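Only one structure is covered here, and it is reproduced in the block below.
When a ligand or atom number is given, it counts from 1 through the structure's own listing order. All values derive from a computational prediction rather than experimental measurement.
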Amino acid sequence: MARLHEHEGKALLAKGGLAVPRGMVATNPEQALAHAQALGGRCMVKIQAWTTGRKAIGGVALVETPEQARDETARMLAMRVGQFPVEKVLIEEAIEIERELFVSLFIDDAARAPALLLSLEGGSGIEDRDAGVHTIACHPTQGVDEAALGRALEASDLVPAVREKVARAVRAIFEVARANEARSLEVNPLAITRDGEVVCADCRITIDDYAVFRHPDLGIEIARELDHPPTRLERIAYQVEQQDHRGTFYFAQLHTRAEEGSKGLVGFHGAGGGGSMMSMDAITSAGYTIANFCDTSGNPSSAKVYRAARIILSQRGLCGYFGSGSGVASQEQFWSAYGLAKAFWELDLDIPAVIRLGGNSEDRAVEILESVGAMLRAPVEGYRKDDPPRFIADRFDRLVQGSARGVWEPRRARMPSFVGAPSSMRVEIAGGVLWIDTPNWAAAAQTAVAHSAGLLADDAGTPRLCVSEEELAGKDSELIACEIECLRGGTPAVFVELAIPGLDEG
Ligand code: GDP
Ligand code: MN
């Protein structure tokens, strides 16, 4: 489920007519100081991070002066939640809370309808409120079950005027959830203030992934569950996935540095859910920390695998590259091998790589990968379906322990010198450019034509396209194969320049 931050959720509540404290987001201490001054000094400082119980971890503070707001902000911006740094805090006017209720909307799968948990019994600070929790059914279009809401309020000790305000707030919360197609919406606390007002003091809302596209105004960049706001690389990967629907691609960052006592940080590249999980277990058991989870499967294009590898290798401090997924992927594995080989060559890989390419055409896939690996400074080993994850994790360990033990520094991809040269042939393709080194074509022609899947021909020493440029545009995988075969043949005269928007700029 796609999550929003507290301040974003509160903006939706406010739009829905609910009372929320005035507040502003700060990304640095000076901003916090200014916001706190504007709010009159006394205020709340709250980390905007996707975690529960922020108060318990020091992520919620009540301050009396703008200077304290500044200092608390500085402290909180140095916090990490899980592996990820806190990037912003909410500076909010402090309200005088008399009593804390809570409202939590969820989807009741059995009833195939939303329902509300409503607690009216909590006094401020009382943690165990299970006793007074009511479940109130909701109708998808007609809203809360008024009779049930009425009974819950009747049974409470709230004074009638406050009851009416709570009822209004509950209905409005349901409307906000419905209008935004929320999967869940929790207001905890729903605060009763000293002067009897009902104010939403916190908000946790998730939007149905499949509904996100209907709500561009919410600014959700990645419509899926993440435990942290998307990182730069995750955003880049998501764009790659959106632009290339051949096979799946999933990338999530897990650790930015090796855990205590770990042997090192590993770039992980899986293929296929279950096999990827087993492989992650194997490499973790071998004593390594996984920097990221990545999955390219379901017949991914070479370009997609290439881009995935480039993104994985944009992470700092890796001691090696570990690729392993489903043992018998029902995809022609050489397409993945070409993509990996291309990325490794362009980045001049100098940390060990161990890749299991089990599945159709695995022998050819391993040969492609290892022959390009032989041109690099790093050991690159390919494995097959009969090599279990545990075995290849052990191989990886040996290579890393036996290598110069350098750590990876992200670098720019190298390109052959004929890229951009006026003498080269240049053809735009989807997401990139095909370059052919015309002056050196003659030597490469035989290999290039043979491995071009009928796309290229040789006209007495001059390259010629056998298909229209439109048709060629979608043949990036075939052209990558041709490039790598020319490289392997010692006559690198074909090169596919592939863009990864956002990656090279960063
Ligand atoms: P959480 O711990 O992540 O759920 O963060 P909350 O935003 O719910 O804040 C935790 C607690 O801080 C609340 O349950 C309140 O007791 C307290 N709190 C939050 N906002 C205010 C406020 O404006 N005034 C006062 N007095 N207490 C607040
Ligand atoms: Mn809360």
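- Only the side chain of Lys46 comes within 4.0 Å of ligand 1, counting heavy atoms alone; its backbone N, CA, C and O stay farther away.
- A salt bridge does not link Arg151 with Asp145: every distance from a Lys NZ or Arg NE/NH1/NH2 to an Asp or Glu carboxylate oxygen is 4.0 Å or more.
- With ligand atoms numbered from 1 in the order given, ligand 1 contributes 13 (C), 14 (O), 15 (C), 16 (O) to contacts under 4.0 Å with heavy atoms of Glu100.
- Within 6.0 Å of CZ on Arg398 lie no more than 12 heavy atoms contributed by other residues, nucleotides or ligands.
- Both cation-pi conditions hold for Arg411 and Trp408: the charged atom is under 6.0 angstrom from the six-membered ring centre and inside a 45 degree cone around its axis.
- Close to ligand 1: Ala94, with a non-hydrogen atom less than 4.0 angstrom away.
- The aromatic rings of Tyr321 and Phe344 sit perpendicular to each other, their planes meeting at more than 60°, with 30° as the lower class boundary.
- The residue among Val187, Ile47, Ile95 with a heavy atom at the shortest distance from atom 26 (N) of ligand 1 is Ile95.
- Contact between Ala38 and Arg22 at its shortest, heavy atoms only, is O-NH1, 4.4 Å.
- In Glu92, neither the side chain nor the backbone holds a heavy atom less than 4.0 Å from any atom of ligand 1.
- Inside a sphere of radius 2.8 Å centred on the Mn ion (ligand 2), the protein N/O/S atoms present are Asn188 O, Asp202 OD2.
- Leu318 places none of its side-chain heavy atoms less than 4.5 Å from the side chain of Val266.
- Annotation: Arg80, atom CZ; neighbour count of heavy atoms from other residues, nucleotides and ligands within 6.0 Å is above 12.
- Numbered from 1 in the order shown, with element, the atoms of ligand 1 that lie under 4.0 Å from a heavy atom of Gly53 read 2 (O), 3 (O).
- The pair Lys263-Asp397 counts as a salt bridge, with a side-chain nitrogen and a carboxylate oxygen less than 4.0 angstrom apart.
- The closest approach between a heavy atom of Asn188 and any atom of ligand 1 is below 4.0 Å.
- Ligand 1 places these atoms under 4.0 Å from at least one heavy atom of Asp202: 1 (P), 4 (O), 5 (O), 6 (P), 7 (O), 8 (O).
- Salt-bridge check for Lys46 with Glu72: failed, with every basic side-chain N at 4.0 Å or more from each acidic carboxylate O.
- Aromatic ring orientation, His5 versus Trp50: tilted (interplanar angle from 30° to 60°).
- Cation-pi geometry between Lys304 and Phe249 is not met at under 6.0 angstrom from the ring centre and within 45 degrees of the axis.
- The nearest non-hydrogen atom to atom 2 (O) of ligand 1, considering only Glu93, Glu98, Lys55, comes from Lys55.
- The backbone and the side chain of Arg54 each have at least one atom closer than 4.0 Å to an atom of ligand 1 (non-hydrogen atoms only).
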